[in-house]
Amino acid sequence: MRKKIVAGNWKMNKNLQEGIALAQELNEVLTADKPNCGVVICTPFIHLAKVAELVDHSIINVGAENCADKEKGAYTGEVSAEMVKSTGCEYVILGHSERREYYHETPEILKAKVDLALANGLKILFCIGESLEQREANEQEAVCKAELEGSVFHLSAEQFANIVIAYEPIWAIGTGKTATADQAEEIHAYIRKCVADKYGAQVAEDTTILYGGSCKASNAPELFAKPDIDGGLIGGASLKAADFKGIIDAFK
Ligand code: PGA
């Protein structure tokens, strides 16, 4: 059975002390009341080593929000996949719409990042999703398919087992405007079909597909009850332990 996951994406929030405090609190509440799903917290680079050291990895996995598209060397300010892995974390988010839009990450750049992350033993939370304009033009399926084809469908089935897909409609991110559970299920089923067409039914069945975009404790149960929605990638509501725990508890 494929893995259910609730992953937090802190984005550019929390200084080091605040981030450590949040990770500690989360570790305590989830140790006391064990989750029924995989839990991942993705933090800014500077938090990774400390957070990876303090959490119980049998309960909480840790991830970065990005990594470089180059292996090593003279790339001032960049952080390589190898460096990310050396902190003790397990995951990296790639393809987030904010990276695509604000930092001009193209499918080719993302493909290079995907290859380096996998070569260094990281699992990938790979984000796809359409803009409001594309949704209004009914292009969501074409957009999602192209984003998969552009950066992850070159992988072997064995490599693809390390990919978690996160469907995040851009119009729902940080806007308070969630896709309805039916809207999300429709595109999740389509994404799973794309994976089946490429890798076969068994791989598609085993692929975890998360929903992201204004997911919170109040709408998580309805979203996660859908057959093709295997959990969530959570931004705003991952910044307080109680809010994040409320979403994790949707699997109880
Ligand atoms: P949000 O962000 O939950 O704040 O909408 C989700 C994301 O961007 O991963």
Side-chain angles (χ1 to χ4, degrees), residues 4-14 18-19 22 26 37-45 47-48 51 60-67 89-105 110 113-114 117 123-132 134-135 140 143-144 147-148 151-152 163-181 183-184 187-188 191 208-224 226 229-251:
K4 308 286 183 187
I5 296 175
V6 173
N9 173 12
W10 291 2
K11 307 192 180 183
M12 197 172 74
N13 294 294
K14 306 281 177 195
E18 292 164 346
L22 174 57
L26 208 57
C37 60
V39 174
V40 185
I41 49 179
C42 298
T43 81
F45 291 129
H47 302 66
L48 284 178
V51 168
I60 302 177
N61 289 141
V62 181
E65 299 172 13
N66 184 25
C67 70
C89 80
E90 294 99 346
Y91 282 86
V92 61
I93 296 174
L94 292 174
H96 194 282
S97 60
E98 288 153 16
R99 301 285 327 166
R100 293 180 193 262
E101 185 181 347
Y102 307 144
Y103 302 98
H104 314 294
E105 295 193 0
L110 290 170
K113 293 186 178 200
V114 163
K123 292 183 196 303
I124 299 170
L125 298 164
F126 189 76
C127 305
I128 58 176
E130 80 286 354
S131 65
L132 182 58
Q134 290 164 330
R135 167 63 68 162
Q140 61 274 13
V143 170
C144 288
E147 288 181 340
L148 292 170
S151 308
V152 293
I163 305 287
V164 170
I165 298 172
Y167 167 67
E168 300 205 306
I170 298 168
W171 47 272
I173 296 177
T175 57
K177 208 169 145 182
T178 325
T180 65
Q183 253 176 343
I187 186 104
H188 277 237
I191 293 164
T208 298
I209 307 178
L210 308 180
Y211 169 80
S214 299
C215 185
K216 40 191 183 285
S218 56
N219 56 29
E222 196 190 349
L223 285 159
F224 299 174
K226 294 291 179 187
I229 303 179
D230 307 313
L233 180 55
I234 320 299
S238 72
L239 296 174
K240 284 196 187 133
D243 294 347
F244 194 51
K245 169 88 166 35
I247 298 172
I248 292 165
D249 286 348
F251 279 117

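Order of appearance sets the numbers: ligands from 1, and atoms from 1 within every ligand. Sequential numbering from 1 along the given sequence is applied to the chain's residues. Values reported hereafter were calculated over all heavy atoms of this structure, with side chains retained and with hydrogens, waters and symmetry mates removed.
Residue-ligand proximity: A172 is placed with a non-hydrogen atom under 4.0 Å from ligand 1. For the ligand labelled ligand 1, residue K11 lies inside the 4.0 Å heavy-atom shell.
Remark: ligand 1 and H96 share an N or O pair separated by less than 3.5 Å (distance only, no angle test). Every N/O-N/O distance between A237 and ligand 1 stays at or above 3.5 Å. At a 3.5 angstrom cut-off on N or O pairs, G213 does not count as close to ligand 1. Taking any N or O of C215, backbone or side chain, none lies under 3.5 Å from an N or O belonging to ligand 1. When only interatomic distances are considered, the shortest N/O to N/O separation between E98 and ligand 1 does not fall below 3.5 Å.
Remark: E105 engages R99 in a salt bridge, criterion side-chain N to carboxylate O under 4.0 Å. Between E98 and K11 there is a salt bridge, since at least one side-chain N of the basic residue sits less than 4.0 Å from a carboxylate O of the acidic one.
Listed by number with element, the atoms of ligand 1 under 4.0 angstrom from any heavy atom of E168 are 6 (C), 7 (C), 8 (O), 9 (O). Close contacts of ligand 1 with L233, meaning ligand atoms under 4.0 Å from a residue heavy atom, involve 6 (C), 9 (O). Ligand 1 places these atoms under 4.0 Å from at least one heavy atom of N9: 9 (O). Below 4.0 Å from some heavy atom of S214 lie the following atoms of ligand 1, by number and element: 1 (P), 3 (O), 5 (O).
To the nearest 0.5 Å, atoms CD1 (I128) and CG (L94) are separated by 13.5 Å. Between atom OG of residue S97 and atom OH of residue Y102 there is a gap of 7.5 Å, rounded to the nearest 0.5 Å.
Other residues, nucleotides and ligands contribute only 12 or fewer heavy atoms inside 6.0 Å of the NZ atom of K123.
Of the candidates P169, S238, G235, G174, the one placing a heavy atom closest to atom 5 (O) of ligand 1 is G174.
Counting only N and O atoms by type, the side chains of Y167 and E130 include a donor and acceptor under 3.5 Å apart. Defined by atom type and a distance below 3.5 Å, a donor-acceptor pair is present between the side-chain atoms of N66 and K113.
None of V40, V39, I5 except one satisfies the side chain to side chain contact (heavy atoms under 4.5 Å, CB included) rule with N61; the exception is V40.
Looking only at protein heavy atoms, the nearest one to atom 4 (O) of ligand 1 is G236 N, 2.9 Å.
Both the backbone and the side chain of I173 come within 4.0 Å of ligand 1, counting heavy atoms alone.
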Go through the steps for V62 and Y91 under the test side-chain contact (heavy atoms from CB on, under 4.5 Å), then give the verdict.
CA-CA 6 Å; V62 181; Y91 282 86; over 6 Å; no
